[in-house]
2 protein chains.
Amino acid sequence: MKSTIRDVAKYANVSISTVSRVMNAPDTVVEEKRVKVLEAIEVLQYQPNGFARGLIYKKSDTLGVMIPDIENPYYAGLIRGMQDAAVMLNHSLMICNTDRDKKRTIAYVQTFFEKQVDGIIFTSDSLHEEYYEEMQRYRLPFVLASTNAPEYDIPSVDIDDEQGAYEAVKHLIELGHRRIGMISFPLGHTISGEPRYAGYKKALLEFGIVHNTDEIEFAEHRFEHAYEASERLFARCSELTAIFAASDEFAMGVISYLRDHGKSVPDRMSVIGFDNIRMAQMFIPKLTTIDQPTYDIGYRSVEKLHELITNGEVAVLREKLPHQLVIRESTRMI
Amino acid sequence: MKSTIRDVAKYANVSISTVSRVMNAPDTVVEEKRVKVLEAIEVLQYQPNGFARGLIYKKSDTLGVMIPDIENPYYAGLIRGMQDAAVMLNHSLMICNTDRDKKRTIAYVQTFFEKQVDGIIFTSDSLHEEYYEEMQRYRLPFVLASTNAPEYDIPSVDIDDEQGAYEAVKHLIELGHRRIGMISFPLGHTISGEPRYAGYKKALLEFGIVHNTDEIEFAEHRFEHAYEASERLFARCSELTAIFAASDEFAMGVISYLRDHGKSVPDRMSVIGFDNIRMAQMFIPKLTTIDQPTYDIGYRSVEKLHELITNGEVAVLREKLPHQLVIRESTRMI
DNA sequence: ACCTTTTCTGAAAACCTTTTCTGAAAACCT
DNA sequence: AGGTTTTCAGAAAAGGTTTTCAGAAAAGGT
């Protein structure tokens with residue numbers, strides 16, 4: 001059986017208060033007893049019970065994290081950053097993979113609440129009203145990582161998607177491309193759909209290129225969908241010379257499609273991605289892309305959540321981290 | 001403030017025992033009071049406190065998971081499987097990324113213990129003696145996922161690495177290759193290093209090919225290391241026509257190296273990987289590889305841990321799940 | 001030597017739940 | 001109607017810790 005503070009007290013011939021003090025304020029107990037207690041702790045392998053402590057401190061030093069799709073490598077960097085920040089703050093992470101399933105997400109909020117997490121980090125995906133209400137219901141502090149919610153005042157940390165997309169497309173234009181297609185996220189229910197599309201349009205507009213809505217095609221989140229979307233897009237528009245893909249995974253889907261149909265990238269077509277996931281530099285060709293500081297977004301988001309938990313508020317509500325154009329091999333001068 | 005059972009009791013004009021009963025054995029309390037209590041619960045948004053419950057039930061319904069490197073996509077499938085199994089069992093997962101750091105790993109075992117996880121899943125990586133002792137010290141039930149420990153009697157679920165490697169190399173041989181190099185994990189401190197190397201040797205031996213120790217090169221776990229290892233290997237052995245890479249990530253490293261030096265795969269060199277991570281079918285060329293049922297390994301490992309926790313023992317100690325050769329584009333007839 | 005302050009320790013309450021035990025009321029039986 | 005069983009609800013203990021409070025002993029001051 002696990003040993004308790006009582007066992008330690010008995011073994012060391014002191015009261016439990018003394019044992020507790022040895023652990024929490026060692027200098028208030030006289031040396032002689034202190035060493036006896038320490039010895040007892042060592043012998044009995046005593047470790048305080050987190051439940052009992054939680055009951056008193058009313059906190060678990062645990063943070064809940066919602067990930068929409070853990071197989072998407074984009075989240076790996078995010079998680080690493082969060083983890084490192086958590087370690088620094090002496091906290092633990094409870095991670096849950098929602099699979100973008102509403103029921104599951106809401107069920108997890110409840111679990112988190114019952115397990116007394118101190119707060120929740122919500123990554124990517126747009127914040128449905130239901131989620132928001134669920135969080136409000138339980139009054140759980142939470143922050144948004146790699147997404148934001150324009151309609152609510154919720155702390156968030158992400159990047160400027162529109163600006164990133166703008167720079168990506170601008171890069172293509174500066175390379176001489178004029179017929180530029182896009183593989184976008186669906187516009188409605190996805191958070192980076194709108195702004196990245198807006199950035200694309202903005203760049204075209206700025207360089208006086210007419211935007212033809214034919215030249216955009218939509219895909220859900222995965223490689224396969226982008227592959228299929230490419231098929232539809234190229235069937236419709238044959239004169240495209242470059243593609244702006246809303247994510248690196250999409251870019252890989254596009255390139256795979258092109259390769260399967262005998263068009264090499266970047267010789268016959270330039271493709272730029274978004275995110276700079278680790279695979280971007282492992283892929284052949286290495287992807288030109290917009291780098292997101294995923295590690296930092298993760299790190300900052302737990303710092304921010306911690307700030308929110310301890311202060312009840314947050315110094316800056318919506319935090320935008322810097323992105324960066326990374327030029328590799330998948331784009332070239334026309 | 002969070003409402004407690006006391007608040008509900010007061011609101012519903014009953015004792016706290018009754019409230020508790022409504023939640024845990026509803027049919028032992030008369031209808032009239034039951035609805036009042038239910039109503040109070042709804043109004044006050046009451047949710048029982050996990051700490052208090054944990055104190056009584058002596059369990060948290062939470063499992064700890066150790067992942068060596070969360071950025072390695074291999075673990076994504078594993079985690080999904082674990083998560084799904086956990087949801088089915090009404091448990092939560094506390095995931096920690098060890099970065100293969102001993103101090104951090106041990107610190108995490110302590111945290112897990114204090115937070116009263118019911119058990120731990122240890123993934124990949126070999127089980128150092130220190131870890132084993134730490135687990136013993138705390139008497140925490142644990143299982144090994146995607147690794148095993150020949151020297152200890154610990155429940156594990158993984159695949160037959162040697163057989164998998166054997167089949168991979170056999171495939172190469174059947175394709176007509178005779179000069180087959182290998183990019184291996186380091187032999188000493190890594191769990192799949194030895195058996196995959198053994199499988200490689202076994203296949204060569206079986207087909208009467210002399211095994212030249214020159215033709216193997218070692219790399220740590222990542223793409224970059226495999227890239228560098230390729231450089232060393234090809235500098236030494238120029239007549240190789242095929243490579244057995246100990247992981248898909250290694251295979252991608254090898255292929256990238258070859259591509260950067262003008263040798264296309266599979267035309268000039270066949271490369272086979274191991275794992276069948278999601279990227280294997282996204283890569284160009286798509287990787288021929290040995291499929292590991294990562295999802296199932298994850299799923300089974302939490303089932304197994306649960307079995308161990310509830311029964312104190314486990315029906316089958318070392319569980320081997322089936323692997324499978326998946327032929328794609330990175331290998332071809334010589 | 002006596003009084004005051006400081007240091008140190010233990011008892012007990014508090015945190016929130018579940019569960020056992022006990023007793024009151026209701027239901028059942030003859 | 002009287003006695004027995006069953007149903008139901010509340011009081012209280014238990015689970016392991018921290019912390020407040022009070023008191024005893026030691027130290028300090030005159």
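By convention in this document, chain letters (A, B, ...) are assigned in the order of the sequence lines, proteins followed by strands, and residues within each chain are numbered from 1.
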Inset, instruction - Give none if C:dA27 has no partner; otherwise give the nucleotide forming a Watson-Crick or G-U wobble pair with it, both distances under 3.5 Å. - result: D:dT4
Inset, instruction - Report yes if the distance between the aromatic ring centroids of B:Phe113 and B:Tyr138 is under 6.0 Å, otherwise no. - result: yes
Legend entry - Strand partner of D:dA22, provided both Watson-Crick or wobble distances fall under 3.5 Å: C:dT9
Inset, instruction - Using the closest heavy atom to pick a nucleotide of DNA chain D for each, name whichever of B:Asn13 or B:Ile56 lands nearer the 5' end. - result: B:Asn13
Legend entry - A:Lys33 side chain, from C-beta outward: closest of C:dT9, D:dG16, D:dC8: C:dT9
Legend entry - N/O (side chain, B:Asn24) to phosphate O (OP1/OP2, C:dT18) under 4.0 Å: yes
Inset, instruction - Among A:Ile154, A:Val302, A:Leu305, find the one that has a side chain to side chain contact (heavy atoms under 4.5 Å, CB included) with A:Val143. - result: A:Leu305
Inset, instruction - Rounded to the nearest angstrom, tell me the gap between atom NZ in A:Lys58 and atom P in C:dA14. - result: 13 Å
Inset, instruction - Would you kindly give the CZ-to-P distance between B:Arg34 and D:dA9, to the nearest whole Å? - result: 10 Å
Legend entry - Nearest-nucleotide 5' precedence on DNA chain D, A:Arg21 against B:Phe51: B:Phe51
Legend entry - Nucleotide of D:dT17, C:dA11, C:dC15 approaching A:Ser15 most closely (side-chain heavy atoms): C:dA11
Inset, instruction - Specify the separation, in whole Å, of atom CZ of B:Arg53 and atom C1' of C:dT18. - result: 9 Å
Inset, instruction - In whole angstrom, give the distance that lies between atom NZ of B:Lys115 and atom P of D:dT17. - result: 16 Å
Inset, instruction - Give one of base, sugar-phosphate or nothing for B:Ser20, where a contact means two heavy atoms less than 4.0 Å apart. - result: base
Legend entry - Between P of C:dT18 and CG of B:Leu55, the distance in whole Å: 12 Å
Legend entry - Rounded distance (Å) that lies between atom C1' of C:dT17 and atom CE of B:Met23: 11 Å
Legend entry - Main-chain N/O of A:Ser60 paired with A:Thr62 side-chain donor or acceptor, under 3.5 Å: yes
Inset, instruction - Examine C:dC16: is either OP1 or OP2 under 4.0 Å from a nitrogen or oxygen in the side chain of B:Lys2? Give yes or no. - result: no
Legend entry - Interatomic distance, A:Asn49 CG vs C:dC16 P [rounded to whole Å]: 16 Å
Inset, instruction - Quick one: label A:Ser17 by what it contacts on the DNA or RNA (base, sugar-phosphate, nothing), any heavy atom closer than 4.0 Å. - result: base
Inset, instruction - Examine D:dA9: is either OP1 or OP2 under 4.0 Å from a nitrogen or oxygen in the side chain of B:Thr18? Give yes or no. - result: no
Inset, instruction - Let me see the working for A:Asp61 and B:Lys115 under salt bridge (charged side-chain N to carboxylate O under 4.0 Å, His left out), right down to the final yes or no. - result: CA-CA 9 Å; A:Asp61 287 352; B:Lys115 300 218 167 145; 5.6 Å; no
Legend entry - Base partner of D:dT30, which must satisfy Watson-Crick or wobble distances under 3.5 Å: C:dA1
Inset, instruction - Consider the side chain of A:Val14, meaning its heavy atoms from C-beta on, and name the nucleotide among D:dT17, C:dC16, C:dG10 that approaches it most closely. - result: C:dG10
Inset, instruction - Measure from CZ on B:Arg6 to P on D:dA11 and round the result to the nearest Å. - result: 11 Å
Legend entry - Any side-chain donor near an acceptor of the partner, A:Ser92 and B:Tyr108, under 3.5 Å: no
Inset, instruction - Tell me what A:Tyr57 touches on the nucleic acid: a base, only sugar-phosphate, or nothing, going by heavy atoms under 4.0 Å. - result: sugar-phosphate
Inset, instruction - Report the nucleotide, chosen from C:dC16, D:dA9, D:dT17, that has the shortest atom-to-atom distance to any side-chain atom of B:Ala52. - result: C:dC16
Inset, instruction - Would you tell me whether A:Tyr74 and A:Gln292 have side-chain atoms, one donor and one acceptor, within less than 3.5 Å of each other? - result: yes
